[in-house]
Amino acid sequence: MKVDNGLSAYDLSPEQAASLTPRIFGHQELLMMTGDEKKIPRSRLVNKLNQLNFIDGSLSMIFFHPQHLRESLLLEARPEPCIGNDFTCHLVFNDPAPELTGYQPRFLMIDDGLGVMLAPVRLLGLNRHILTASLPEEGLMKTRRLTRRHRCRGIACEIISNGATYDGTLIDFTANAFSVQLSESGSETDFNHSGVARINLLQGGVKLYSGACRPLRNGSHMPDGRFVYAPVHEEIRVFPQRKTRNPRRQIAPSFTISFQHPFFRKRIERDIFDVSTSGFSIQDTPQEQMLMAGMVIPELTIHYAGIIEMKCSAQVVYHREDRENNLVQSGLAITDMDVRSYSRLNHLVGAHLDAHARVSTTVDMSALWEFFFDTSFIYGEKYQHLHPHRNSFKETYRKLYQDDPEIARHFTYEKNGKIYGHIAMVHAYEPSWVIHHFSAKPMESKIPGLLILRQIAHYLNGCYRFRSYGIHYVMTYYRPDNKVVSKIFGGFARELGNAKGSSLDLFSYLYVHTSARTNPLPADWTIRQCTADDFSALKQFYEKSSGGLLLDAFGLDAPMDALKESFRNAGFQRDCRTCCLCFDGKPKAFFIVNRSDRCLNLSDLLNGIKIFVTDDRPLEWSTLLSAISVLGSDYHEDQIPVLIYPVDYLAAQGIKTDKNYELWILKTDPFLEQYTDYMARKFRTKYRTTDGKNTPV
């Protein structure tokens, strides 16, 4: 019989339309009785048909030919609402309509990915594309898979085998295996299916999976022409293995995750079994597992208590079977996360480990001022400098500590509204964050200073690999005569002994009064913006004199438009430009002119000028002071802080400095883990678990 296809391939992608072509039914064994079947009443069949109609789902009709029993056809169908013993469905297929002369519908089949519902039917009518049949009193439920299979769409496949690449489409997927169909342009005759192949799965050019897979089925001679592969590895490494890992905990109430599965576009929700700031794991039954090691989830949301949401991207790094409990545990590594989401996650996990730890939560400003003055963090001389600007200073810190800007993070250790420890970070340069405001005071039997250090080490250890953070380097300024802080930062640099991993640069520090009258620059002396050649000269000087990380960490020759925009969106200002002082056209000194809100850093180290004197023979202090005065006109302030390198320049000029500052810089990848280990050894920055064992940060 010839069937009109009035419902042919409507609103379907090419992959979906191809799946609606009538094909040979290749699983005759499903129609045989094995004794493992479960009987299901007609009422359940009716409910399932109505559910499929409600969600615009489909079923399959199996057509038999009395003379060709081994060439049964499988046709897709969309059911109409069903009330009684009879049901109606619309056969759906591509043009041209299939030739069904001699074929009769014998079974309806509903595949839920794990098993199938089968029911013999009796044809009542086939008018054009509309089929009507009667349902039996009972059908059968047959389980055919250990893991649920999902139909996929829109996922391109690249199979790389023996140096050749073949294009195809992902047809269906389980956590243990998946099937692909070669594109029409791919030649199955020369396709080598015998060995392990590299398979890439992509959507819109975005790679969702890449891994070595072994062949399970060669479909070149099968009716559906599908090839089935299974991943070779059940565990992958997104990042190099770390000796020191953030602790992972089971937290109640549990976190949950939700995401759209990248292969079959179904919303998935699962409880998190255990979690850290670097990743988490979930548990499934073998039947319902749907994650494969290596699979990328571009958008995922972590929920806590039904209120707090944290968005990230993740990659599945392992799945492990627990046969005793009939469970499969899948581990996921967080591959990227925005600043606010990560801070929330870090705060929640940290609070479970230590209830007094706070990460970028709203701070009571009165408690903060009391802490700063009580710990002498704001001492007499420092307060003298900020006193004329105290109102703008208060507003700056209100925005930092209550508006939660992405450009800054703060860590406090609090109890009953009082602050006992504090440290902060600000995104000072495109590739770098500056640690500042480290201070603490005693709290009963605890040492808040060490607990704050543990907090920030824990925080950095989880986020430095995130692209969104731009945290390739961390740095801090400190007074060398502060022995404790010098041991915390400088001690590591000295122990590491590698200036490309952690470096120290000593600067002279003084305030320059810009309102004072200075002589103009002498003849043949000029100031200009740095050129590429100037940057090259500065790098050559710094490499020879220090060999450290400063120029890389400052990112001076790269644009900082994105960072300035982030500051502007948060209601702050940030700028940084590099100039050079030249004699007869040749650079003699370089200036890094930093602009930010006053007292964003209390010593104003982000709102002043850094000077590198590369050739001090003709450069007298009076000439340098004239250059500072010219550049200082940008600040509209009476005095600006100046850092000068090398540290002995001012002494050679007979100028007394206010103090010296050491600049410590750490390259986070791969040296942050070594720094975390150093802190754990030197300062016991470890979490103590309930079983008495120490877990490193």
Side-chain angles (χ1 to χ4, degrees), residues 1 3 7 19-20 22-93 98 100 102-151 172 174 223-224 264 266 285-288 326:
M1 57 188 137
V3 181
L7 200 63
S19 71
L20 299 180
R23 58 185 187 273
I24 301 295
F25 177 59
H27 296 280
Q28 299 289 337
E29 72 279 1
L30 285 176
L31 306 180
M32 300 178 183
M33 300 293 288
T34 63
D36 296 328
E37 301 84 4
K38 293 183 179 180
K39 294 182 178 180
I40 52 177
R42 179 190 291 153
S43 60
R44 186 176 171 188
L45 284 171
V46 169
N47 290 341
K48 190 64 178 179
L49 290 169
N50 285 329
Q51 178 195 350
L52 290 174
N53 173 266
F54 181 74
I55 64 174
D56 295 323
S58 64
L59 53 84
S60 297
M61 297 298 302
I62 303 174
F63 283 73
F64 276 70
H65 194 289
Q67 297 178 357
H68 307 287
L69 296 178
R70 294 191 175 276
E71 293 187 4
S72 306
L73 292 182
L74 199 67
L75 276 80
E76 297 293 314
R78 302 284 177 89
E80 288 288 299
C82 183
I83 299 176
N85 300 340
D86 302 336
F87 82 99
T88 298
C89 63
H90 294 247
L91 299 176
V92 186
F93 34 74
L100 296 177
Y103 283 88
Q104 292 288 326
R106 294 286 299 277
F107 289 90
L108 71 79
M109 182 174 72
I110 302 172
D111 190 340
D112 69 356
L114 195 62
V116 295
M117 283 185 179
L118 281 168
V121 298
R122 182 170 60 87
L123 180 66
L124 297 178
L126 185 57
N127 181 15
R128 298 169 67 84
H129 59 278
I130 300 176
L131 184 151
T132 304
S134 62
L135 295 170
E137 291 185 3
E138 291 181 330
L140 298 175
M141 185 71 193
K142 298 173 74 83
T143 301
R144 53 182 305 210
R145 300 182 187 91
L146 297 177
T147 303
R148 189 178 302 278
R149 183 179 71 174
H150 301 272
R151 294 290 296 274
D172 54 42
T174 72
D224 57 10
F264 50 84
K266 178 181 177 182
T285 63
Q287 294 82 7
E288 297 300 332
N326 194 35

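To the nearest 0.5 angstrom, Leu118 atom CG is 8.5 Å from Ile40 atom CD1. The distance from atom CG of Asn127 to atom CG of Leu124, rounded to the nearest 0.5 Å, is 13.0 Å. Taken to the nearest 0.5 Å, the CG atom of Leu45 stands 10.5 Å off from the CE atom of Met141. Going from atom NE2 of His65 over to atom CZ of Arg106 covers 12.5 Å, rounded to the nearest 0.5 Å. Note that CG of Leu123 is 8.0 Å distant from CZ of Phe63, once rounded to the nearest 0.5 Å.
Closest heavy-atom contact between Leu91 and Ala77: CD2-CB, 4.1 Å. Here the shortest heavy-atom pairing between Gly57 and Arg78 reads O-CD, 3.3 Å. A pairwise comparison of heavy atoms in Leu74 and Ser60 identifies CD1-CB, 3.8 Å as the closest pair. The two residues Thr174 and Arg148 come nearest to each other via the heavy atoms CG2-O, 3.5 Å. Shown here for Ile62 and Ser72, the closest heavy-atom pair between the two residues is CG2-CB, 4.2 Å.
With sequence neighbours excluded, the residues forming a side-chain hydrogen bond (donor to acceptor under 3.5 Å, both in side chains) with Thr132 are Thr88, listed by chain and number. Among residues two or more places apart in sequence or in another chain, the side-chain hydrogen bond (donor to acceptor under 3.5 Å, both in side chains) test is passed with Asn53 by none. For Phe264, the ring pair (Phe, Tyr, Trp, His ring centres under 6.0 Å) partners at least two apart in sequence or on another chain are His150, His261. Judged as a salt bridge (charged side-chain N to carboxylate O under 4.0 Å, His left out), and not counting sequence neighbours, Glu137 has no contacts. Scanning for side chain to side chain contact (heavy atoms under 4.5 Å, CB included) contacts around Asp56 gives an empty result, with sequence neighbours left out.
Annotation: side chain of Met61 is in contact with side chain of Val121 (closest heavy-atom distance under 4.5 Å). Residues Val116 and Ile110 fail the side-chain proximity criterion, which asks for heavy atoms closer than 4.5 Å. Looking only at side-chain heavy atoms (C-beta outward), Leu75 and Val92 stay at 4.5 Å or farther from each other. A 4.5 Å side-chain heavy-atom check between Leu140 and Met117 finds every atom pair outside the cut-off.
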For residues 79-87, please give each side-chain donor-acceptor pair under 3.5 Å, one per line with the distance, not counting sequence neighbours.
unit_1	atom_1	unit_2	atom_2	d
Glu80	OE2	His90	NE2	3.1
Asn85	OD1	Arg42	NH1	2.7

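Asp112 contributes a side-chain N or O that, together with a main-chain N or O of Gly115, makes up a donor-acceptor pair within less than 3.5 Å.
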Stepwise side-chain contact (heavy atoms from CB on, under 4.5 Å) test for Asp111 and Leu59 | CA-CA 7 Å; Asp111 190 340; Leu59 53 84; over 6 Å; no

Dump the intermediate steps for salt bridge (charged side-chain N to carboxylate O under 4.0 Å, His left out) on Asp172 and Arg149, then the final yes or no.
-> CA-CA 7 Å; Asp172 54 42; Arg149 183 179 71 174; 3.3 Å; yes

